[in-house]
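Below, each value reflects all heavy atoms present in this structure, side chains not excepted, and no hydrogens, waters or symmetry copies. Numbering of residues begins at 1 and proceeds along the displayed sequence.
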Amino acid sequence: TDAIPTFVSRWNIKKADWSKFAEFCNIDHERFHSPEEGINFLTDLLLSAANSSIPSTKPLAKHKPVPWWSLELARAIARRKRAFRRYLRLRDNASLILRNRERANCRKISRQSKLASWRSFLSQLNYQTPLSKIWSLVRLLSSKRCYSSLPILHINHTMITETQQVIDAIAGTFAHCSSSENYSVRFIENSRRHFHLPPDAFTSNNTEIYNDLFSLSELHDAISSTGNTSVGPDKLHYAFFKHLPDSTLDFMLLTLNDLWNQHIFPDAWRTAYIIPIPKPGKDKKNENCRPIYLTSCFGKIFERMVGKRL
């Protein structure tokens, strides 16, 4: 199967039933042996509550409006439809004349809009216009939808066209850029000489104030400072945490403090969606992408709490 889904659904936060969501998320005296079990339980609970109270977006059934579409044309079509319905209802000469007049006026405005769109299309063409842009404009004029796809890569004089191979090539480039293999020998030697800390450089009995358990106010501050960003692999949205009941927030705080005390970072928070964004002005066929990492919003709330302490 294709490694890239044709459509990725998103939570329709504007149509959420938050009272139903909060009622579904209510927790009574839950406790687990390990904090990771608590994280997994809370994640599953929030997803179940979201599936029952928050709709998700669906693929658009309608085609994208054509380039010559305008507000004037939309109003002319609406008047034509009203005149036609009036004629069907009354069946008199006055209604027939009105219907014919509105239909002719709609055709006139449509021709004018198409002509203006065609002239605008021609004005964008010159000997420097890329062929890809020309075909994109042609598809728009022909009312055909353009679906995004992965580019064809050229690596070491080899053309890569298969979806999975393109993904692997981009991922390999990101891994190589993040590897210490890129460091020069001189840099590594200087780092070992100047940045090496002696064993007694930092001693602590963990009684400092930044090692204390987190408070409920710190959790509230971390949640309230979040924005409307994309979700990570666990599909938890920041809005979920802003509508949790008090009992669930207490359980969440207890679980995060267990992570803090036991020095555990859940494996589920180590995965991310990586979105390659082409760098402006660079050749898209040579892996010139900047990676954007979408990690768990749950994990990022905990990171905000720790970052505030630091």
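In this structure, D44 has no side chain to side chain contact (heavy atoms under 4.5 Å, CB included) partners at least two apart in sequence or on a different chain. For D258, the salt bridge (charged side-chain N to carboxylate O under 4.0 Å, His left out) partners two or more places apart in sequence, or in a different chain, are R31. Looking at residues two or more places apart in sequence or on another chain, you find a salt bridge (charged side-chain N to carboxylate O under 4.0 Å, His left out) between E218 and R309. Partners of F84 according to the ring-ring contact (aromatic ring centres under 6.0 Å, His included) rule, which considers only residues two or more places apart in sequence or in another chain, do not exist here. The side chain to side chain contact (heavy atoms under 4.5 Å, CB included) search around I264 returns P35, E36, L259, Q262, not counting sequence neighbours. Scored by the ring-ring contact (aromatic ring centres under 6.0 Å, His included) test, W11 finds F240 as partners (sequence neighbours excluded). In this view, R270 and D267 satisfy the side chain to side chain donor-acceptor pair (under 3.5 Å) rule, not counting sequence neighbours. Partners of F251 by ring-ring contact (aromatic ring centres under 6.0 Å, His included), not counting sequence neighbours, listed by chain and number: F41. Take R79 and apply the salt bridge (charged side-chain N to carboxylate O under 4.0 Å, His left out) test, not counting sequence neighbours, and it matches E102. Taking R103 as the reference, R80, R99, N100, R107 meet the side chain to side chain contact (heavy atoms under 4.5 Å, CB included) condition, with sequence neighbours excluded. Residues meeting the side chain to side chain contact (heavy atoms under 4.5 Å, CB included) test with N228, sequence neighbours left out: H237.
Apart from I275 itself, the hydrophobic cluster it occupies contains Y273, I277, I292, L294, where clustering links Ile, Leu, Val, Met, Phe, Trp and Tyr at side-chain heavy-atom distances under 4.5 Å.
Nearest heavy atom pair, residue T255 against residue I39, reads CG2-CD1, 3.7 Å.
R91 forms a cation-pi arrangement with Y87, by the criterion of a distance under 6.0 Å to the ring centre and an angle within 45° of the ring axis.
A distance-only check finds no donor-acceptor pair linking the side chain of N12 to the backbone of S56 [under 3.5 Å].
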